Amino acid sequence: MHDDLIAKAQAWLAEDPDAETREELAKLIDAGDVTELSARFSGTLQFGTAGLRGELGAGPMRMNRSVVIRAAAGLAAYLKKQGQTDGLVVIGYDARHKSADFARDTAAVMTGAGLRAAVLPRPLPTPVLAFAIRHLGAVAGVEVTASHNPPRDNGYKVYLGDGSQIVPPADAEIAAEIDAIVSLNDVPRPDRGWETLDDAVLGAYLARTDAVLAEGSPRTARTVYTAMHGVGKDVLLAAFARAGFPEPVLVAEQADPDPDFPTVTFPNPEEPGAMDLAFAQARATDPDLVIANDPDADRCAVAVKHGADWRMLRGDEVGALLAAHLVSRGATGTFAESIVSSSLLGRIAEKANLPYEETLTGFKWIARVDGLRYGYEEALGYCVDPEGVRDKDGITAALLITELASVLKEEGRTLLDLLDDLAVEHGLHATDQLSVRVEDLSIISDAMRRLREQPPTELAGLAVVRAEDLTRGTDKLPPTDGLRYTLDGARVIVRPSGTEPKLKCYLEVVVPVAAHADLPAAHARATDLLTAIKRDLSAAAGI
């Protein structure tokens with residue numbers, strides 16, 4: 001076993017085009033570090049519907065140039081088999097370690113395969129790449145990003161020509177082409193021949209951002225903004241300036257791209273502590289709202305003043321607010337969300353006589369809904385301009401929520417006042433998440449197995465009316481690894497995360513509210529129920 005492992009590592013080393021990972025791997029081989037070599041050569045990073053994502057480093061189980069070149073070659077082979085022999089592939093990248101290298105390698109592989117390649121001019125938000133695919137009539141797009149993962153990670157996200165991320169069976173077909181590549185030496189990689197785009201595509205994207213706002217709407221809300229050490233700042237500031245909003249006050253320590261994300265443990269606005277600097281800036285400047293993007297700016301977080309301090313709105317709260325705002329502006333078309341998001345969107349759509357769809361988790365599914373006008377998911381992702389960007393977009397979502405805050409400000413009201421109105425109209429829909437990060441992935445499979453073998457019959461004293469195993473699919477949904485429990489006045493979904501080593505449980509309770517005066521009691525009841533559901537679900541899952 002030991003000799004076999006060393007031989008595998010030496011064969012990989014011989015082909016590795018990157019001096020940095022070659023040096024890293026050579027040291028491991030010389031030291032005979034079987035534990036570390038085993039971890040890196042125990043298989044290959046699996047290409048799936050999220051593309052690739054993993055820790056940077058040498059070997060097939062890490063993100064590196066060798067893995068990316070193989071992925072690009074597999075994508076090129078897939079596209080050619082689809083008859084796209086000379087189509088355009090557009091490539092974007094964020095400011096993480098190695099992102100620019102991975103983008104350049106992808107352009108070289110596409111060019112070598114006879115396709116045309118165009119690379120965005122510098123690190124830019126993921127939604128700009130999603131826009132560019134449709135705008136330029138590309139047959140595919142690649143975004144090099146690990147979104148809000150830890151600093152040591154990077155990733156590779158693939159879109160097809162409709163501008164939305166890949167779904168089955170395309171992912172498996174691309175994965176098969178990647179597996180068929182025997183040696184990197186078989187992959188032609190010229191050192192020129194692709195195009196580096198100028199700012200015209202970014203200009204076209206910014207011109208479209210105006211379309212999400214109502215003509216002549218108030219633009220008075222003042223914001224504090226953090227880019228979370230990512231690539232959002234310049235594009236967001238340009239969009240806000242075009243729209244005529246007051247210039248956002250920046251969280252200076254997090255304004256510029258930094259792949260080490262020095263001020264946060266996880267560069268995700270939802271993680272504890274990530275918004276601390278933004279809240280400090282808000283206390284100092286007293287804006288109307290706080291806006292945060294994640295590092296590739298496809299997500300948008302919103303915080304509001306709540307009593308004497310600031311609190312983050314949940315993704316479901318922002319999702320409902322944007323929906324209510326679009327309804328009040330007379331939007332038509334289908335409203336859609338993932339199954340783990342709040343059922344409040346369905347109530348809002350139904351009352352407005354608008355079509356409504358539920359999809360599996362992820363914008364790769366939401367973006368494919370026929371006639372989509374607005375889509376969101378609870379993980380801070382909002383699609384408010386599906387014609388322009390068939391994906392979540394943290395820039396246009398920030399514009400739209402700031403317009404709504406401005407409209408309410410003119411009426412002497414806030415986003416929280418509108419949330420209260422929605423609760424009285426449709427019932428208080430309170431959501432929470434039980435999320436368990438693990439080192440050992442077997443903990444997740446054990447919990448799922450336990451819940452399948454012994455499904456709970458009640459949680460928090462509420463009867464489980466229906467238990468569904470989503471691996472079987474439903475009349476509306478393709479199969480997915482998940483469990484859904486419908487309770488009397490609540491809903492629970494349990495699923496393994498698609499991008500992180502986490503088990504995620506999504507909880508929602510609905511408490512009827514007769515009048516505004518009953519809201520405090522309804523909130524208290526909802527909090528108690530969510531706490532009890534978490535406790536009972538943890539026990540049932542053994543986590």
Side-chain angles (χ1 to χ4, degrees), residues 45 47-56 62-65 67-68 71-72 75 89-107 119-133 138 140-160 163-166 171 197 201-202 205 227-236 254 256-261 264 266-271 292-301 362-364 367 377 379-381 383 389-395 397 497-500:
L45 270 190
F47 185 92
T49 46
L52 293 166
R53 208 178 274 190
E55 191 176 335
L56 290 163
R62 298 284 183 268
M63 281 298 293
N64 51 62
R65 290 183 59 200
V67 163
V68 163
L75 174 59
V89 178
V90 60
I91 302 149
Y93 58 102
D94 68 11
R96 283 176 179 266
H97 293 296
K98 298 281 182 190
S99 287
D101 295 345
F102 295 167
R104 192 172 55 248
D105 282 331
T106 302
V119 184
L120 291 179
R122 59 184 168 279
L124 285 166
T126 294
V128 177
L129 181 272
F131 167 81
I133 296 164
V142 170
E143 176 70 19
V144 180
T145 181
S147 189
H148 57 273
N149 274 38
R152 61 178 185 274
D153 289 5
N154 213 330
Y156 198 80
K157 197 186 268 198
V158 176
Y159 298 75
L160 292 179
S164 53
Q165 297 170 50
I166 52 168
D171 56 342
L197 295 165
V201 167
L202 177 59
Y205 167 82
M228 205 66 62
H229 299 296
V231 298
K233 179 192 72 174
D234 292 346
V235 178
L236 183 126
Q254 298 175 333
D256 295 316
D258 186 332
D260 294 318
F261 305 103
V264 288
F266 285 95
N268 175 358
E270 290 184 294
E271 293 282 348
N293 286 138
D294 67 338
D296 68 326
D298 62 350
R299 286 175 167 82
C300 175
F363 264 83
K364 55 186 177 280
E377 64 180 0
L380 311 185
C383 173
V389 177
R390 281 282 158 93
D391 199 4
K392 54 186 178 289
D393 181 345
I395 305 294
S497 167
T499 52
E500 298 175 274

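Predicted model only: the values in this text are computed from it and were never measured.
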Inset, instruction - For Val264 and Gln254, run side-chain contact (heavy atoms from CB on, under 4.5 Å): C-alpha distance rounded to whole Å, both residues' side-chain angles, the deciding distance at 0.1 Å, then the answer. - result: CA-CA 9 Å; Val264 288; Gln254 298 175 333; 3.7 Å; yes
Inset, instruction - Check step by step if side chain to side chain donor-acceptor pair (under 3.5 Å) holds for Asn154 and Ser99. - result: CA-CA 7 Å; Asn154 213 330; Ser99 287; 3.0 Å; yes
Legend entry - Intermediate values then yes/no, side chain to side chain donor-acceptor pair (under 3.5 Å), Tyr156 and Thr106: CA-CA 10 Å; Tyr156 198 80; Thr106 302; 2.9 Å; yes
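One distance of note links CG of Asp105 with CG of Asp101; it measures 6.5 Å at 0.5 Å rounding. Taken from CD1 in Ile395 to CZ in Phe131, the straight-line distance is 13.5 Å, to the nearest 0.5 Å. Note that the CG atom of Leu160 and the CG atom of Leu75 stand 7.5 Å from one another [nearest 0.5 Å]. Atom CZ in Arg299 sits 6.5 Å away from atom CD in Glu377 (nearest 0.5 Å). Atom CG of Asn268 sits about 6.5 Å away from atom CG of Leu380, to the nearest 0.5 Å. Interatomic distance, Leu197 CG to Ile91 CD1, rounded to the nearest 0.5 Å: 9.5 Å.
In this structure, Cys383 and Arg390 have side chains that are not in contact, with every pair of non-hydrogen atoms separated by 4.5 Å or more. In this structure, the side chains of Thr145 and Val231 stay at 4.5 Å or more apart for every pair of heavy atoms. Side-chain contact check for Lys157 versus Ser147: every heavy-atom pair is 4.5 Å or farther apart. When side chains are defined from C-beta on, Arg152 does not count as touching Leu56, because their heavy atoms never get closer than 4.5 Å. A 4.5 Å side-chain heavy-atom check between Ile166 and Phe47 finds at least one atom pair inside the cut-off. With contacts defined as side-chain heavy-atom distances shorter than 4.5 Å, the pair Met63/Phe102 qualifies. Here the side chains of Asp294 and Met228 are not in contact, with every heavy-atom distance at 4.5 Å or above. The shortest side-chain heavy-atom distance between Asp391 and Tyr159 falls under the 4.5 Å cut-off.
For Cys300, the side-chain contact (heavy atoms from CB on, under 4.5 Å) partners two or more places apart in sequence, or in a different chain, are Ile291, Asn293, Val302, Tyr382, Ala397, Ala398.
Heavy atoms only, all atoms of each residue included: Val90 and Ala138 are closest at CG1-CB, 4.0 Å. Nearest heavy-atom pair across Tyr93 and Ala103 is CD2-CB, 3.7 Å. A pairwise comparison of heavy atoms in Glu143 and Leu124 identifies OE2-O, 3.9 Å as the closest pair. Contact record, His148 with Arg96: C-NH2, 3.9 Å, taken as the closest heavy-atom pair. Closest approach of Pro127 to Gly394, counting heavy atoms only: CG-N, 4.3 Å. Of all the heavy atoms in Ala95 and Pro257, the pair that sits closest is CB-CB, 3.6 Å.
In this model, a donor atom of one side chain and an acceptor atom of the other lie less than 3.5 Å apart for Asp260 and His97.
A salt bridge is absent between Arg122 and Asp234; no separation between the charged side-chain nitrogens and carboxylate oxygens falls under 4.0 Å.
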